[in-house]
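Count residues from 1 along the sequence. Just so it is clear, the model here is predicted, and its values are computed rather than measured.
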Amino acid sequence: MDFTIRAANLDDCKDIARMIVVSGHVHVRACDLEQDGFSKNPFFHGIIAEVPEQHKTKEGHTKIGYALYFYSYSSWSGRAIYMEDLYVMPEFRGKGVGKALMSKVAQLALAAGCHQLNFTVLDWNKPSMDFYLSQGCFDITATMGYHCLRCEGEALQHLAQP
């Protein structure tokens, strides 16, 4: 299948938001993506997978997948990249699009001098976990004993109090 991977731009925000909505856990809007990813000091960067017009979806979309990432730092190994999201529309899965998106994030990591590509996978998403493991990734929860924790909402407000 013919597709291209390119850096996301401001015009892609509505398409990224459309694909995020599919996940059902949405708290971000297209205007948030515009502000947070395409301002002077972006919180994240993105790449888009796009097919030619002749392969567009029945709804008329040519943008069929994306990855969002940001740079981070490991006190143990230095520069790192965190892939926050990798999504491919269901009808385009199994055609190399997800691999190409992840490969591009890895290329960007190496170009920036990063030593790690970090990301999380939902425990119920066995097909994705199997794919990542087949790419040489490993589960640091199992091997290093890490737990990924989160603080949000009222707990975050409380923690921020001096």
Side-chain angles (χ1 to χ4, degrees), residues 3-51 61-90 92-144 146-152 156:
F3 62 88
T4 58
I5 304 295
R6 62 170 175 77
N9 60 49
L10 191 58
D11 293 335
D12 297 320
C13 290
K14 288 185 175 128
D15 283 291
I16 294 171
R18 168 185 53 82
M19 289 184 273
I20 291 172
V21 168
V22 172
S23 73
H25 299 94
V26 181
H27 299 286
V28 69
R29 302 165 299 173
C31 62
D32 297 323
L33 293 170
E34 289 176 15
Q35 179 181 338
D36 295 341
F38 302 96
S39 62
K40 183 179 177 186
N41 295 307
F43 276 79
F44 72 88
H45 306 281
I47 54 177
I48 287 285
E50 194 167 18
V51 293
H61 302 297
T62 58
K63 295 166 188 169
I64 51 110
Y66 70 92
L68 301 181
Y69 64 93
F70 56 88
Y71 295 97
S72 60
Y73 199 82
S74 165
S75 59
W76 289 6
S77 61
R79 293 179 183 187
I81 197 167
Y82 189 89
M83 186 171 63
E84 171 57 31
D85 214 358
L86 174 67
Y87 178 80
V88 176
M89 293 177 67
F92 294 96
R93 293 179 186 163
K95 299 180 185 320
V97 178
K99 166 81 166 92
L101 285 164
M102 191 171 183
S103 179
K104 183 63 177 177
V105 173
Q107 291 167 23
L108 293 164
L110 292 174
C114 297
H115 303 284
Q116 296 177 346
L117 165 58
N118 297 305
F119 54 95
T120 57
V121 181
L122 293 166
D123 60 1
W124 55 260
N125 197 344
K126 184 168 175 17
S128 291
M129 180 62 98
D130 291 345
F131 167 73
Y132 296 134
L133 292 173
S134 77
Q135 299 305 305
C137 302
F138 60 96
D139 183 351
I140 62 171
T141 304
T143 60
M144 296 183 77
Y146 279 65
H147 293 276
C148 183
L149 303 175
R150 178 177 292 160
C151 185
E152 63 185 8
L156 180 60

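Between Arg29 atom CZ and Glu34 atom CD the span is 10.5 Å, to the nearest 0.5 Å. Atom OH of Tyr146 and atom CG of Asn118 lie 9.0 Å apart (nearest 0.5 Å). To the nearest 0.5 Å, the span separating OH on Tyr73 from NE2 on His115 amounts to 8.0 Å. Interatomic distance, Ile47 CD1 to Gln107 CD, rounded to the nearest 0.5 Å: 8.5 Å. Taking CG from Leu101 and CG from Leu68, the interatomic distance works out to 10.0 Å, rounded to the nearest 0.5 Å.
Salt bridge Asp12/Arg6: present, at least one basic N to carboxylate O contact under 4.0 Å.
Annotation: side chain of Tyr69 is in contact with side chain of Leu108 (closest heavy-atom distance under 4.5 Å). Between Ile48 and Ile16 the shortest side-chain heavy-atom distance falls below 4.5 Å. Looking only at side-chain heavy atoms (C-beta outward), Met83 and Leu117 come within less than 4.5 Å of each other. Counting heavy atoms from C-beta outward, Ser103 and Val105 have side chains that stay 4.5 Å or more apart.
Aromatic ring centroids of Phe44 and Phe70 lie 6.0 Å or more apart.
The backbone N or O of Ala112 sits less than 3.5 Å from a side-chain atom of Arg79, completing a donor-acceptor pair.
No more than 12 heavy atoms of other residues, nucleotides or ligands lie within 6.0 Å of CD in Gln35, so this atom counts as exposed by the packing criterion.
Note on residues 118-138: pairs passing ring-ring contact (aromatic ring centres under 6.0 Å, His included), not counting sequence neighbours, are Phe119-Tyr132.
Taking the six-membered ring where the residue is Trp, Tyr66 and Tyr87 present tilted rings, their angle falling between 30° and 60°.
Of all heavy-atom pairs spanning Asp139 and Thr141, the tightest one is OD1-N, 2.9 Å.
Annotation: side-chain hydrogen bond (donor to acceptor under 3.5 Å, both in side chains) contacts of Ser77 (sequence neighbours excluded): Ser74, Gln116. Residues that satisfy the side-chain contact (heavy atoms from CB on, under 4.5 Å) test with Asp130, not counting sequence neighbours, are Lys126.
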